Structure formats: structure tokens, C-alpha cells
Amino acid sequence: MRDGEEHARMLAKGFRSALTKAEVILWRHLRRNSLGHKFRRQHPIGPYVADFACAQQRLVIEVDGATHRTPEELAHDARRTAFLNAEGWHVLRITNLDVYENMDGVWRAIMDALPPPSAAARRPPPP
């Protein structure tokens, strides 16, 4: 196991029971599998914990709140994104505000980041 992986797994377990309001809203949409792709919440990848991950398509969705605006957090997010990219993951960052006020736009951004699912699995976004 690589450095930090066990710690990330322990953190992920705790994070699953403490989702932010925006994460809860997005998870309700993602878990219904409306996009035809399976997502996991609080998924450990190396030393980091992704808010949401579609392992099959190597897509990470990060929901960023106000704390992600400080220089320290921006630097941390840049390191994290660089690590995930180097591991073959694409990172899609959305804001809490987008989840609250522009869920249609969030949904479109996620769909654009994924290959189209089979026609049988395609369903409209949940209400």
C-alpha cells in the first residue's frame, strides 16, 4: 500500500457520514444512476479522498465550498488535482453554489465529462 492510502481509507469512512449539504444534494442525483455510470462517494484514491468518483470512467467530482478559496486550499487542491491527473483521473470541480442554484448546469458538466451511456441506461436527471 502506498503512503497515505490507509489513512485516506479511514478518513473516507468518516467523511461518508458527514457529507456537506451540497454533497448530499449531488449524491441524491448521482446514486440514482441517472447518467448510466456508477459513482462512489468519498472514494479514497492514493492519499486523497475524492468527493465522488466514477472508477470505470476515471472521473472525480469535487464539490468545493468557501474554504477552497484561500491560497493554502487552492495550493492543496492544485497538488491534489496534479496527483489525480498523474494517476489517470480527470477532475471536475464544481461549487456548492452551483449545486444549490444551477443543478442543471452541474448535470450538463458531468454529462459532458462522461462518455454517453448505452441508450437503455439513459434516463433524464432526477427532479
Side-chain angles (χ1 to χ4, degrees):
M1 197 172 298
R2 289 192 268 183
D3 261 357
E5 285 183 1
E6 186 61 34
H7 181 67
R9 286 185 181 153
M10 290 184 344
L11 285 174
K13 191 174 183 177
F15 289 166
R16 284 184 202 110
S17 62
L19 296 176
T20 66
K21 181 179 175 183
E23 289 171 342
V24 168
I25 292 168
L26 184 56
W27 179 238
R28 283 187 195 142
H29 286 74
L30 291 173
R31 78 173 181 203
R32 292 182 183 166
N33 199 24
S34 302
L35 294 170
H37 299 279
K38 182 180 179 186
F39 281 85
R40 298 175 184 158
R41 64 190 164 114
Q42 302 303 322
H43 180 66
I45 303 171
Y48 299 104
V49 179
D51 291 339
F52 303 100
C54 177
Q56 183 180 22
Q57 300 303 325
R58 311 282 291 173
L59 174 66
V60 166
I61 302 172
E62 289 295 314
V63 182
D64 295 341
T67 62
H68 289 265
R69 294 185 191 132
T70 67
E72 296 82 13
E73 283 298 319
L74 290 171
H76 174 76
D77 288 346
R79 286 189 305 274
R80 173 189 177 107
T81 297
F83 172 86
L84 293 168
N85 290 161
E87 294 291 313
W89 292 84
H90 171 71
V91 179
L92 175 63
R93 291 193 171 278
I94 58 175
T95 67
N96 286 354
L97 192 61
D98 282 334
V99 172
Y100 300 144
E101 297 180 2
N102 186 21
M103 195 61 204
D104 287 340
V106 168
W107 205 248
R108 277 192 301 279
I110 295 169
M111 288 189 321
D112 289 347
L114 291 167
S118 69
R122 192 175 302 142
R123 293 181 285 202

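These numbers were taken from a predicted model, which means no experiment stands behind them. All heavy atoms count here, side chains included; hydrogens, waters and symmetry mates do not.
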Subject >> Minimum side-chain heavy-atom gap Phe83-Arg79 below 4.5 Å >> reply: no
Original post:
How many angstroms lie between CH2 in Trp107 and CG in Leu26, if you round to the nearest 0.5 Å?
Top reply: 7.0 Å
Subject >> Closest non-hydrogen atom pair between Asn96 and Ala22, with its separation >> reply: OD1-CB, 3.3 Å
Original post:
Which distance, rounded to the nearest 0.5 Å, do you find between the CZ of Arg108 and the CG of Asn102?
Top reply: 6.5 Å
**OP:** Check the pair Ile61 / Asp51 against side chain to side chain contact (heavy atoms under 4.5 Å, CB included), numbers first and verdict last.
**Re:** CA-CA 6 Å; Ile61 302 172; Asp51 291 339; 5.9 Å; no
Original post:
How about Thr81 and Arg93: do any of their side-chain heavy atoms sit closer than 4.5 Å?
Top reply: yes
Subject >> Donor-acceptor pair, side chain of His90 and main chain of Leu114, under 3.5 angstrom >> reply: no
Subject >> Hydrophobic cluster identity match, Met103 and Leu97, side-chain contacts under 4.5 Å >> reply: no
**OP:** Decide yes or no for Ile94 and Glu62: does some side-chain heavy atom of the first lie under 4.5 Å from some side-chain heavy atom of the second?
**Re:** no
**OP:** Check whether any side-chain heavy atom of His76 sits under 4.5 Å from a side-chain heavy atom of Tyr48, and report yes or no.
**Re:** yes
**OP:** Indicate the atoms forming the closest heavy-atom contact of Gln57 with Pro115, along with that distance.
**Re:** OE1-CG, 3.1 Å
Original post:
Is there a donor-acceptor pair under 3.5 Å between the side chain of Arg40 and the backbone N or O of Ala50?
Top reply: no
**OP:** Mark yes or no for whether Arg41, through its side chain, and Val24, through its backbone, hold a donor-acceptor pair below 3.5 Å.
**Re:** no
Original post:
Passes side chain to side chain contact (heavy atoms under 4.5 Å, CB included), Phe52 versus Ile110? Steps please.
Top reply: CA-CA 11 Å; Phe52 303 100; Ile110 295 169; over 6 Å; no
Subject >> Nearest-0.5 Å distance, CG of residue Asp64 to CG of residue Asp77 >> reply: 5.5 Å
Original post:
What is the ring orientation for Trp89 with His43, classed by angle as parallel under 30°, tilted 30 to 60°, or perpendicular over 60°?
Top reply: tilted
